[in-house]
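The first residue in the sequence is number 1, and the count goes up from there. For ligands, and for the atoms within them, numbers begin at 1 and follow the listed sequence. Heavy-atom basis, side chains included; hydrogens, waters and symmetry copies ignored.
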Amino acid sequence: MFSLPKLDYAYNALEPHIDELTMSIHHTKHHQAYIDNANKALAGTPLENKTVEELLTDLNAVPEDKRTIVRNHGGGHYNHSLYWKMMGPGKGGQPSGNLGDAISTKFGGFEKFQEQFTTTAMGRFGSGWGWLVSNKGQLELTSTQNQDTPLSEGKTPLLGLDMWEHSMYLRYQNRKAEYIKAWWNVVNWDYVAELFKKT
Ligand code: MN
């Protein structure tokens with residue numbers, strides 16, 4: 001069974017980029033709801049002792065009557081757990097070391113990477129996520145719809161941006177580009193680098 005992870009920082013710690021009320025509702029209501037719905041569906045079944053990563057890595061192994069719930073609500077739990085850790089107060093800037101080099105080589109520099117990531121995230125019609133992933137060691141940009149996760153496509157998420165309106169609407173309304181621009185100031189590259197190192 002899943003439980004809501006504690007944040008490593010206060011709800012107001014990402015101000016002014018991500019506002020306190022958005023953080024608090026997003027974490028205690030939206031994320032909690034994904035967890036509650038997944039737990040309700042899996043309780044008393046053999047799936048209840050599996051990790052969310054195990055379930056999402058092989059969705060075809062999940063019985064058909066539970067698959068959509070796991071995909072949507074298990075996916076929501078997994079994606080949001082990453083999202084919180086991929087941000088932090090006093091973060092932002094540029095990645096260094098191996099990750100910085102890999103991003104520069106792949107995308108032609110950090111600013112080009114930011115442009116392409118933004119285009120990818122903005123290009124997702126409706127609700128979804130923008131991602132930097134490792135596809136068997138190769139960096140790639142991708143987006144997913146709803147709460148689908150790159151993990152289910154055999155790719156390792158490195159950096160994920162929630163593009164659902166609930167993640168931005170209170171402060172940015174429909175101004176998605178402004179939300180993305182602000183979000184770069186809180187990206188936790190140390191955590192992204194840790195994930196990259198394992199791929
Ligand atoms: Mn969300």
Residues that His26 engages under ring-ring contact (aromatic ring centres under 6.0 Å, His included), provided they are two or more places apart: His30, His80, Tyr83, Trp84, His166
All ring-ring contact (aromatic ring centres under 6.0 Å, His included) counterparts of Phe110, not counting sequence neighbours: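 For Phe110 the ring-ring contact (aromatic ring centres under 6.0 Å, His included) partners, ignoring immediate neighbours, are Phe113, Trp189.
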Qualifying salt bridge (Lys or Arg N to Asp or Glu O under 4.0 Å) pairs with a residue from residues 58-74, counting only residues at least two apart or across chains: Arg71-Asp148
Residues Glu140, Asn135; criterion side-chain hydrogen bond (donor to acceptor under 3.5 Å, both in side chains); working and verdict: CA-CA 7 Å; Glu140 279 178 12; Asn135 187 2; 2.8 Å; yes
Close aromatic pair by centroid cut-off 6.0 Å: Tyr34 and His77: no
Charged tip of Lys85 within 45° of Tyr191 ring normal and under 6.0 Å: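 The answer is yes; both the distance and angle limits are met.
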Within less than 2.8 Å of the Mn ion (ligand 1): protein N, O or S atom count: 4
